[in-house]
Amino acid sequence: MIDLSGRRAIVTGAASGIGRATAELFAELGAAVVLADVDTDRGEQAAKELGATFVLCDVSRREDCARLVAAAVELHGGVDVLFNNAGIIRRSTVCEITDEDWDLVMAVNVRSIMVLSGLVIPLMAAQGGGSIVNTGSGWGIKGGARAASYCASKGAVVNLTRAMAIDHGPDNIRVNCVCPGDTATGMLAEEARQLGESVAAFYTDAADRPLGRIGQPLDIARTVAFLASDAAAFVSGAVIAVDGAGTA
Ligand code: NAI
């Protein structure tokens with residue numbers, strides 16, 4: 001049912017974790033994928049393994065985003081699927097965080113979605129439609145400790161998704177948000193580091209949810225592939241938690 005053959009996709013944050021797993025699944029399902037990331041080594045390696053293309057892109061920089069979209073159009077002739085997934089976290093309260101870190105989290109996690117989608121939507125509209133998936137978080141649905149900028153950014157991603165779905169539905173562009181729970185990626189280890197906790201203890205805590213385990217990148221990728229595909233033809237403006245009932 002989930003078939004992406006002939007679809008041309010851009011995945012951001014594709015060098016590792018959820019983005020990497022999704023790029024791989026997209027390729028397996030037949031899509032032509034452009035991987036974008038700031039990590040050239042891992043991005044190039046992933047693209048090589050998938051038979052895809054890597055473009056160095058800092059999603060917080062408009063000129064990089066424009067270069068990414070231009071590269072995708074030059075390579076594949078258009079964009080059918082945009083997965084806005086790149087993200088960063090700063091584990092701090094509003095008393096602890098610097099203005100610079102606040103702005104960086106908002107630029108990478110939220111503004112990038114505005115910039116990239118703003119570049120891609122006119123192309124999708126001209127070709128008759130497309131699918132955009134944004135990565136939110138369980139912390140876009142509820143709050144969390146010492147992650148004020150991240151919670152603010154992911155709450156914004158959730159409602160930005162709804163606003164975009166309303167604005168661009170008439171052009172047959174679907175916009176949805178996937179909200180992962182704790183997932184075994186570099187981000188989780190980075191959070192443990194920022195909080196001064198052991199990664200093992202962090203993982204154990206993260207597994208404390210009704211399904212009794214932490215998420216794997218492929219758990220999230222499967223939902224993204226569904227949302228990207230025609231199997232989700234009438235799904236738009238949806239916010240889907242993939243978190244083992246963690247936010248339930
Ligand atoms: P990850 O750290 O493995 O992957 C994030 C990727 O984004 C990295 O390859 C990194 O180089 C890239 N990146 C960072 N800043 C960038 C920038 N400015 N431009 C382009 N690429 C950039 O982490 P993960 O978990 O795969 O994160 C993917 C998304 O999932 C993020 O939006 C994150 O907030 C979200 N998420 C992750 C959860 C988790 O527990 N791992 C839970 C909920 C949401």
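We count ligands from 1, going down the list as the structure has it; atoms in each ligand are counted the same way.
Between Thr135, Val242, Thr12, it is Thr135 that holds the heavy atom closest to atom 30 (O) of ligand 1. When the options Ser16, Ala107, Ala21, Gly17 are ranked by their closest heavy atom to atom 4 (O) of ligand 1, first place goes to Ser16. Of the listed options Val38, Asn109, Ile220, Thr185, Val38 places a heavy atom closest to atom 17 (C) of ligand 1.
Taking any N or O of Val59, backbone or side chain, at least one lies under 3.5 Å from an N or O belonging to ligand 1. Considering backbone and side-chain atoms together, Ile18 places an N or O closer than 3.5 Å to an N or O of ligand 1. Checked by distance only, ligand 1 and Glu191 stay at 3.5 Å or farther apart across all their nitrogen or oxygen atoms. Between Asn85 and ligand 1, at least one N/O pair is under 3.5 Å apart. Checking only distances, Asp37 does come within under 3.5 Å of ligand 1, N or O to N or O.
Close to ligand 1: Tyr150, with a non-hydrogen atom less than 4.0 angstrom away. Contact analysis puts Lys154 in contact with ligand 1, with a non-hydrogen atom separation below 4.0 angstrom. Note on ligand 1: Gly181 sits in its first shell, one or more heavy atoms being nearer than 4.0 Å. Not a single heavy atom of Ala184 lies less than 4.0 angstrom from ligand 1.
Salt-bridge check for Arg67 with Glu63: failed, with every basic side-chain N at 4.0 Å or more from each acidic carboxylate O. Taking a cutoff of 4.0 Å between a charged side-chain nitrogen and a carboxylate oxygen, Arg91 and Glu190 do not qualify as a salt bridge.
The list of salt bridge (charged side-chain N to carboxylate O under 4.0 Å, His left out) pairs with a residue in residues 113-137, not counting sequence neighbours, is empty.
In this structure, atom 20 (C) of ligand 1 lies nearest to the protein heavy atom Cys57 O, 3.1 Å. Counting protein heavy atoms only, atom 40 (O) of ligand 1 is closest to Thr183 N, 2.8 Å. If you check which protein heavy atom lies closest to atom 15 (N) of ligand 1, you get Ile88 CG2, 3.7 Å.
Residue contacts with ligand 1 for Asp58 involve both N, CA, C or O and side-chain atoms from C-beta outward (heavy atoms, distance under 4.0 Å). Proximity of Ala36 to ligand 1, defined as any heavy-atom pair under 4.0 Å, is not found for any part of the residue.
Between Asp182 and Leu188 there is a side-chain heavy-atom pair separated by less than 4.5 Å. Side-chain contact between Thr40 and Phe54 is present, with heavy atoms from C-beta onward closer than 4.5 Å. Side-chain contact between Thr185 and Ile18 is present, with at least one heavy-atom pair separated by less than 4.5 Å. Side-chain contact between Val59 and Cys57 is present, with at least one heavy-atom pair separated by less than 4.5 Å.
In this view, Arg111 satisfies the side-chain hydrogen bond (donor to acceptor under 3.5 Å, both in side chains) rule with no residue, not counting sequence neighbours.
The contact set between ligand 1 and Gly136, taken as ligand atoms under 4.0 Å from a residue heavy atom, comprises 44 (C). Under a 4.0 Å criterion applied to the non-hydrogen atoms of Gly186, ligand 1 contributes the atoms 3 (O).
Inspection of the Thr161 and Asn134 side chains reveals an N or O donor paired with an N or O acceptor under 3.5 Å.
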- Item | Verdict with reasoning, Arg90 to Glu100, per salt bridge (Lys or Arg N to Asp or Glu O under 4.0 Å) | CA-CA 11 Å; Arg90 292 291 180 272; Glu100 290 71 26; over 6 Å; no
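Using bins of under 30°, 30° to 60° and over 60° for the plane-to-plane angle, the ring pair Phe26/Phe83 lands in the tilted bin.
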